**Student:** 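Pasting a structure here, questions to come.
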Amino acid sequence: MESDRVEAVRKGRVSLVETATDEIRGQIVTGIWPVGSRIPPESALSETLGVSRASVREAVRSLVHSGLLEPRQGDGTFVISDDDSAVALRRRLERAELSHVTQVRQGLDVIAARQAAKHRTDAQLAGIEAALARRSAALTAHDSDAFTAADAEFHILVAEAGANPVLADIYRSLSAALREELRRAACLDTATAAPTDPHSRLADAIRAQDPQAAVDAAVLLLAGHVRDLALPLDD
């Protein structure tokens, strides 16, 4: 029957699109096309994958929708993530209530601080201190955008120094929500670059490889965020 033939063609086309999608995703996940790189043009992909350009177009569209790829007018299509689950988590966090993000941070920051003090490398310490210096410079210049970016980067670098890739991935996914939290808390208005500032104390503890001092600094830092956001410590 004609309807059966049409259905078979449709299923075959879907199968080709799925195959192309899986192949492109595989190139991204394995790092052949790393984050920040431009994928080959549609014609090259069609030839390499052995499918039509229409199938490639649909596969790319699917991966754009999932958050792995991003089309840029006049430049091509670029890899912006190599993890579907991280994209899903980031989108969920972007919709989350700020109080819920802060509650999650109360647990993660303490773990990140302790682990960073135990496991940081000299290079990671240098990155943390550089972010802290940029935060101080932005504070002096009263540059809110630069301050928020440097503050968020500081916390992400602390998490990455903990030798726990799962913690680092979760914290990177938190980055957009973290920046919103920092903006909402008006941290620039209450921040200080003094050595007694919890950020400076945290960096000092990580430098000294003192886990307990790092935890104490993280607790003080979080208490300041909770106060500035007028949120309860516990719900």
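Note that the structure is a prediction, hence the values are computed from the model and not measured. As a basis for the values below, the full set of heavy atoms in this structure was taken, side chains included, without hydrogen atoms, waters or symmetry mates.
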**Student:** Can you tell me how far apart CD1 (Ile80) and CZ (Arg72) are? Round to the nearest 0.5 Å.
**Tutor:**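 Rounded to the nearest 0.5 Å, the CD1-CZ separation comes to 7.5 Å.
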**Student:** To the nearest 0.5 Å, how far apart are CD in Glu18 and CD in Glu58?
**Tutor:**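 So the CD of Glu18 and the CD of Glu58 are separated by 11.0 Å.
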**Student:** To the closest 0.5 Å, what do you measure between NE2 (His119) and CZ (Arg114)?
**Tutor:**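 Here the rounded value is 10.5 Å.
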**Student:** Taking all heavy atoms of Val158 and all of Ala116, pick out the closest pair and write down the distance.
**Tutor:**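 Closest pair (atom of Val158, atom of Ala116, distance): O-CB, 3.5 Å.
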**Student:** How far does CG of Leu139 sit from CG of Leu132, to the nearest 0.5 angstrom?
**Tutor:**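 Separation between the atoms: 10.5 Å.
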**Student:** Check Ala117 against Ala205 and note the closest heavy-atom contact, atom names and distance.
**Tutor:**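 Answer, listing the atom of Ala117 first, then Ala205: CB-O, 4.2 Å.
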**Student:** May I ask you to check whether Asp151 and His199 show a side-chain donor-acceptor distance below 3.5 Å?
**Tutor:**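 On atom types as modelled, these side chains qualify, holding a pair under 3.5 Å.
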**Student:** Are Leu45 and Phe78 linked, directly or through intermediate hydrophobic residues, by side-chain heavy-atom contacts shorter than 4.5 Å (ILVMFWY only)?
**Tutor:**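 Different clusters.
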**Student:** Are any non-hydrogen side-chain atoms of Tyr171 and Asp109 less than 4.5 angstrom apart?
**Tutor:**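 A side-chain contact exists here, since the closest heavy-atom pair is under 4.5 Å.
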**Student:** Looking at Ser15, is its backbone amide N or carbonyl O close enough to the side chain of Thr19 to form a donor-acceptor pair, meaning the two atoms are under 3.5 Å apart?
**Tutor:**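 Indeed, once roles are kept as given, a pair shorter than 3.5 Å links the two residues.
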**Student:** What closest approach, in Å, do Val79 and Pro34 show between heavy atoms, and which atom pair accounts for it?
**Tutor:**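 Closest approach of Val79 to Pro34, heavy atoms only: CB-O, 3.5 Å.
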**Student:** With hydrophobic residues grouped by side-chain heavy-atom distances under 4.5 Å, do Ile32 and Ile28 end up in a single group?
**Tutor:**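 Hydrophobic grouping puts Ile32 with Ile28.
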**Student:** Is any side-chain heavy atom of Ser52 less than 4.5 Å from a side-chain heavy atom of Leu16?
**Tutor:**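 A side-chain contact under 4.5 Å is absent here.
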**Student:** The test is side-chain contact (heavy atoms from CB on, under 4.5 Å); show your working for Ile24 and Val60 and say whether it passes.
**Tutor:** CA-CA 8 Å; Ile24 296 171; Val60 169; 4.1 Å; yes
**Student:** Are the side chain of Arg135 and the backbone of Phe154 linked by a donor-acceptor contact shorter than 3.5 Å?
**Tutor:**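 A pair under 3.5 Å: no.
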**Student:** Which heavy atom in Ala203 sits nearest to a heavy atom in Ile128, and how many Å separate them?
**Tutor:**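 Closest heavy-atom pair between Ala203 and Ile128: CB-CG2, 4.5 Å.
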**Student:** Judged by atom type as modelled, is there a donor-acceptor pair below 3.5 Å linking the side chain of Arg38 to the main-chain atoms of Asp75?
**Tutor:**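 Checked: pair present.
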**Student:** Same cluster or not: are Leu68 and Val29 linked, directly or through other Ile, Leu, Val, Met, Phe, Trp or Tyr residues, by side-chain heavy atoms under 4.5 angstrom apart?
**Tutor:**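 Hydrophobic grouping puts Leu68 apart from Val29.
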**Student:** For Ala159 versus Leu167, what's the shortest heavy-atom pair and its separation?
**Tutor:**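 The pair with the smallest heavy-atom distance is O-CD2, 4.5 Å.
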**Student:** Would the number of heavy atoms belonging to other residues, nucleotides or ligands and lying under 6.0 Å from CD of Glu70 be above 12?
**Tutor:**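 Yes.
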**Student:** Could you tell me whether a side-chain N or O of Ser66 sits under 3.5 Å from a main-chain N or O of Leu63, the two making a donor and an acceptor?
**Tutor:**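 Confirmed, Ser66 side chain pairs with Leu63 backbone.
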**Student:** Supply the atom-to-atom distance Leu221 CG to Asp197 CG, rounded to the nearest 0.5 angstrom.
**Tutor:**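 The CG atom of Leu221 sits 7.0 Å away from the CG atom of Asp197.
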**Student:** Please name the pair of heavy atoms, one in Lys118 and one in Gln209, separated by the smallest distance, quoted to 0.1 Å.
**Tutor:**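 Looking at all heavy atoms of both residues, the shortest contact is O-NE2, 4.3 Å.
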**Student:** As an exercise, state the distance from OG1 of Thr77 to CD of Glu42, rounded to the nearest 0.5 Å.
**Tutor:**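 It is 9.0 Å, given to the nearest 0.5 Å.
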**Student:** Do the side chains of Asp204 and Arg207 get close enough for a salt bridge, i.e. N-O under 4.0 angstrom?
**Tutor:**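 Looking at Asp204 and Arg207, the cut-off is met.
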